[in-house]
Asks: 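Take a look at the following structure, please.
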Amino acid sequence: MFKQLLTGLAMLGLLVAGANAQPGAADAFVRTISNDVLTTAKNDKAIQSGDINAIVALVDQKVMPAVAFETVTRSAVGPQWRSATPEQRQKLQAEFKTLLVRVYAGALTQLKDQTVEITKTQPVPGGTQVVVQSEVRGKGEPIKLDYRLDQVQGAWKIIDVNVGGIWLVQSYRSQFAQELGAGGIDGLIAKLVERNKAPVQPAKKG
């Protein structure tokens, strides 16, 4: 499951450049951009050789602008977000972004010959969110992925991804709840800073 989660994070990173996407074109947006970024990653010699710095740069430049960081961080932190100061919120977003960049980068080291197929798109009742269901196909069984996107100031933004029944933000929320319970907001920030100092680890094969 850990490998599937990492692969899913890599596929999440393929949802980029959504500022000009229209709400009714979410599936076409995911399909076109996913295939485009997959091709870029496959043809980049530095990325294919496992150059972590090149992979981190790719993720930071092309993936992160498509993520609604305040929404994602607020959801992952949970109720204690409301009591955080503006400075604490800024630090949480910065460290969470660094964490996601590092996880995506580790997952991207394993991209070789996968393709992405959109299987279904459906609106989330009562709001502007859309869930795009897809499959990552390559060797072995396809990995089913659900992407939750929302319109933020007229642009598609990533707010969550589901891999094998696990929503990423909810998963982090469970982890963060333990750290918040032990040390509060400052304790969580300290844990994220410590975690982000470790070298980026490529996703393990098998």
Side-chain angles (χ1 to χ4, degrees), residues 1 4-41 55 58-78 81 89 92-94 96-108 111 114-138 142-176:
M1 178 59 68
Q4 287 186 334
L5 178 58
L6 287 177
T7 305
L9 293 175
M11 296 302 106
L12 171 64
L14 303 178
L15 295 175
V16 298
N20 296 320
Q22 297 301 313
D27 54 346
F29 160 64
V30 172
R31 182 184 300 107
T32 300
I33 300 302
S34 295
N35 290 333
D36 179 47
V37 178
L38 267 175
T39 300
T40 301
I55 297 169
L58 172 67
V59 173
D60 194 32
Q61 294 169 10
K62 292 191 173 184
V63 176
M64 293 301 110
V67 178
F69 270 107
E70 182 174 349
T71 300
V72 168
T73 309
R74 182 176 67 243
S75 182
V77 173
W81 174 264
R89 291 181 180 185
L92 282 168
Q93 289 185 64
F96 196 31
K97 174 182 177 180
T98 300
L99 175 63
L100 293 178
V101 167
R102 291 159 55 83
V103 174
Y104 295 163
L108 279 171
L111 284 179
Q114 290 92 339
T115 61
V116 178
E117 296 292 335
I118 306 303
T119 58
K120 187 176 181 181
T121 301
Q122 56 187 19
V124 177
T128 59
Q129 297 179 9
V130 175
V131 173
V132 178
Q133 299 177 358
S134 72
E135 289 185 352
V136 181
R137 298 175 180 174
I143 299 173
K144 295 183 178 181
L145 303 173
D146 294 348
Y147 302 104
R148 187 181 294 267
L149 297 90
D150 201 359
Q151 289 284 305
V152 180
Q153 297 181 346
W156 282 123
K157 292 291 184 179
I158 301 163
I159 60 171
D160 211 345
V161 61
N162 185 305
V163 187
I166 298 176
W167 286 103
L168 173 64
V169 173
Q170 291 180 8
S171 177
Y172 274 119
R173 183 167 180 166
S174 177
Q175 296 178 37
F176 290 175

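Below, each value reflects all heavy atoms present in this structure, side chains not excepted, and no hydrogens, waters or symmetry copies. Throughout, numbering of the chain's residues begins at 1 and tracks the sequence.
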Asks: Check whether any side-chain heavy atom of W81 lies under 4.5 Å from a side-chain heavy atom of L92, and answer yes or no.
Replies: yes
Asks: Roughly how far apart are N162 CG and W167 CH2, rounded to 0.5 Å?
Replies: 4.5 Å
Asks: Under the rule for salt bridge (Lys or Arg N to Asp or Glu O under 4.0 Å), what residues qualify as partners of R173, not counting sequence neighbours?
Replies: none
Asks: Mind checking the OG-CD1 spacing from S171 to I166? Nearest 0.5 Å is all I need.
Replies: 6.0 Å
Asks: Could you check whether any side-chain heavy atom of V72 comes within less than 4.5 Å of a side-chain heavy atom of V67, counting everything from C-beta outward?
Replies: yes
Asks: Mind checking what makes ring pair (Phe, Tyr, Trp, His ring centres under 6.0 Å) contact with F176, not counting sequence neighbours?
Replies: F96, Y172
Asks: Rounded to the nearest 0.5 Å, how far apart are CD of Q129 and CD of Q151?
Replies: 11.0 Å
Asks: Excluding sequence neighbours, so at least two apart, what forms side-chain hydrogen bond (donor to acceptor under 3.5 Å, both in side chains) with D150?
Replies: T128
Asks: Identify, with sequence neighbours excluded, every residue that meets side-chain hydrogen bond (donor to acceptor under 3.5 Å, both in side chains) alongside Q170.
Replies: none
Asks: With no hydrogens and no angle check, is any side-chain donor or acceptor of D160 less than 3.5 Å from a backbone partner on V169?
Replies: yes
Asks: What is the distance from atom CZ of F69 to atom CD1 of I159, rounded to the nearest 0.5 Å?
Replies: 13.5 Å
Asks: To the nearest 0.5 Å, tell me how far E70 CD sits from R89 CZ.
Replies: 7.0 Å
Asks: Tell me, please, which residues at least two apart from R148 pass salt bridge (Lys or Arg N to Asp or Glu O under 4.0 Å).
Replies: none
Asks: Given side chain to side chain contact (heavy atoms under 4.5 Å, CB included), test Q133 with Q122 step by step and report yes or no.
Replies: CA-CA 8 Å; Q133 299 177 358; Q122 56 187 19; 3.9 Å; yes
Asks: Quick one: does V132's side chain get under 4.5 Å of L149's, heavy atoms only?
Replies: yes
Asks: I'd like to check the salt bridge (Lys or Arg N to Asp or Glu O under 4.0 Å) partners of E135; sequence neighbours left out, ordered by chain and number.
Replies: R137
Asks: Can you confirm whether T71 sits close enough to K157 that some side-chain heavy atom of one is under 4.5 Å from a side-chain heavy atom of the other?
Replies: no
